[in-house]
Amino acid sequence: MALLAAIAIANPFFLEPAGFLALLKRAAPLVVLAAGQYFVIVSGEFDLSVGSLVTAEVVIAARLIDGDESATWPVLALLVAAGLLVGLVNGVLTTKLRVPSFIVTLGMLLVLSGAVFLWTGGAPRGALSEGFRAFGRGGLGPVPWPVPWSVPWSVPILLAVGAAAIWLMRAGFGRTLIATGDNERAAALSGVRVGRVKVCAFMLSGLSAAVAAILLGGFAGVSAQVGQGLEFSAITAVVLGGVALGGGRGSVLAAMAGAVTLEALFTLLNLYGISGALEFTVQGVIIIAAVAAGAIRLPWKPTPRRGDAHAAS
């Protein structure tokens with residue numbers, strides 16, 4: 001709230017519904033990514049590949065559509081399938097080959113970045129159709145509320161993503177996911193299929209990257225750097241939402257709120273003319289502070305009861 005108040009002081013336009021909706025439209029890709037990153041982090045893993053996956057999907061969409069409206073929906077389906085496939089590969093390599101997810105997804109980041117550069121030569125070709133771009137920059141038109149507002153497509157998409165994420169976390173999948181992140185061995189001994197749960201988490205992260213690419217492609221256009229750094233922004237947003245980097249604790253709704261807060265902070269810095277290069281510095285400070293705060297709290301954690309310790313061993 002303090003950030004929104006500071007933004008409103010710098011630019012009263014954000015006090016109006018249209019200004020707040022514009023902020024949500026800019027934040028939407030990061031909010032969706034943060035929701036996907038939450039599933040991976042709360043399970044005790046990391047996904048560093050989402051930024052390069054967003055870039056790859058935007059570039060591929062532009063090349064395949066090339067302004068042809070009739071290709072819009074088939075390409076949208078292809079992007080969703082590609083996101084799920086990349087998540088599946090990340091999850092299988094992490095769980096079956098026992099390669100740390102940090103290394104697996106870092107490698108995937110480099111693979112996708114190199115493939116995009118090789119395919120485009122640094123200059124993407126093709127163009128997104130108007131139907132594709134409508135998801136990122138278009139709206140539903142004036143809504144017959146007390147004040148007629150033009151609601152961006154990103155708002156109902158965010159509501160749908162938030163509702164689906166909350167439902168998943170309140171279902172059995174969410175409980176097993178948190179149990180896996182809290183104590184993987186104890187979860188396995190209690191019958192949880194740890195590998196399957198983590199693979200699903202990575203696939204959800206890949207799916208979120210596909211949705212974010214659709215929104216970002218419509219909003220920002222086609223570029224070989226459109227998703228650069230988004231993986232770190234998503235992790236920062238999750239941490240800002242109070243999710244433990246070690247897994248096992250945190251709320252998906254708080255992670256998504258952390259993304260809105262981070263975007264509001266970047267907007268505030270921009271309004272006051274502070275260099276955008278400081279965004280990475282701010283993200284780094286937030287991540288270091290969150291990890292440090294978690295480490296400081298460790299000595300005050302309650303000692304587990306004898307029965308709990310025996311059950312976890």
For this session: Quick one: list whatever passes side-chain contact (heavy atoms from CB on, under 4.5 Å) with V243, sequence neighbours left out.
Result: Y38, I41, V238, A255

Exercise. Which residues pass the side chain to side chain donor-acceptor pair (under 3.5 Å) test with S205, sequence neighbours left out?
Worked result: D47

Exercise. With sequence neighbours left out, which residue pairs that include part of residues 164-178 fulfil the side chain to side chain donor-acceptor pair (under 3.5 Å) condition?
Worked result: none

Exercise. Within the distance-only criterion (no hydrogens, no angle test), does the side chain of T105 pair as donor or acceptor with the backbone N or O of M108 below 3.5 angstrom?
Worked result: no

Exercise. For A259, which residues count as a side-chain contact (heavy atoms from CB on, under 4.5 Å) partner, sequence neighbours excluded?
Worked result: L30, V31, A34, A237

Problem set entry | Residue pairs involving residues 58-98 (criterion ring pair (Phe, Tyr, Trp, His ring centres under 6.0 Å); sequence neighbours excluded) | W73-F135

For this session: Mark yes or no for whether T55, through its side chain, and G227, through its backbone, hold a donor-acceptor pair below 3.5 Å.
Result: yes

Exercise. Would you say E57's side chain and G83's backbone share a donor-acceptor pair under 3.5 angstrom?
Worked result: yes

Exercise. Taking all atoms of both residues into account, what is the closest heavy-atom pair of F173 and V197, and its distance?
Worked result: CE1-O, 4.0 Å

Exercise. Minimum heavy-atom separation for V58 to V222, with atom names?
Worked result: CG1-CA, 4.0 Å

Seminar exercise, completed: The side chain to side chain donor-acceptor pair (under 3.5 Å) partners of N270 (sequence neighbours excluded) come to none

For this session: Answer yes or no: is there a donor N or O on one side and an acceptor on the other, between the side chain of Q283 and the main chain of S233, under 3.5 Å?
Result: yes

Problem set entry | Donor-acceptor pair, side chain of S43 and main chain of G181, under 3.5 angstrom | no

Exercise. Which pairs count as side chain to side chain donor-acceptor pair (under 3.5 Å) when at least one residue sits in residues 188-204, sequence neighbours excluded?
Worked result: E45-K198, E184-K198

Problem set entry | By side chain to side chain donor-acceptor pair (under 3.5 Å) - contacts of E69 (at least two apart) | none

Problem set entry | Members besides V40 in its Ile/Leu/Val/Met/Phe/Trp/Tyr cluster (side-chain heavy atoms under 4.5 Å) | F202

For this session: State which residues pass salt bridge (Lys or Arg N to Asp or Glu O under 4.0 Å) with E231; sequence neighbours excluded, sorted by chain then number.
Result: none

Exercise. Going by the side chain to side chain donor-acceptor pair (under 3.5 Å) test, which pairs reach into residues 88-97, not counting sequence neighbours?
Worked result: S49-N90

For this session: List for me each residue that meets side chain to side chain donor-acceptor pair (under 3.5 Å) alongside T180, sequence neighbours excluded, and say none if there are none.
Result: none

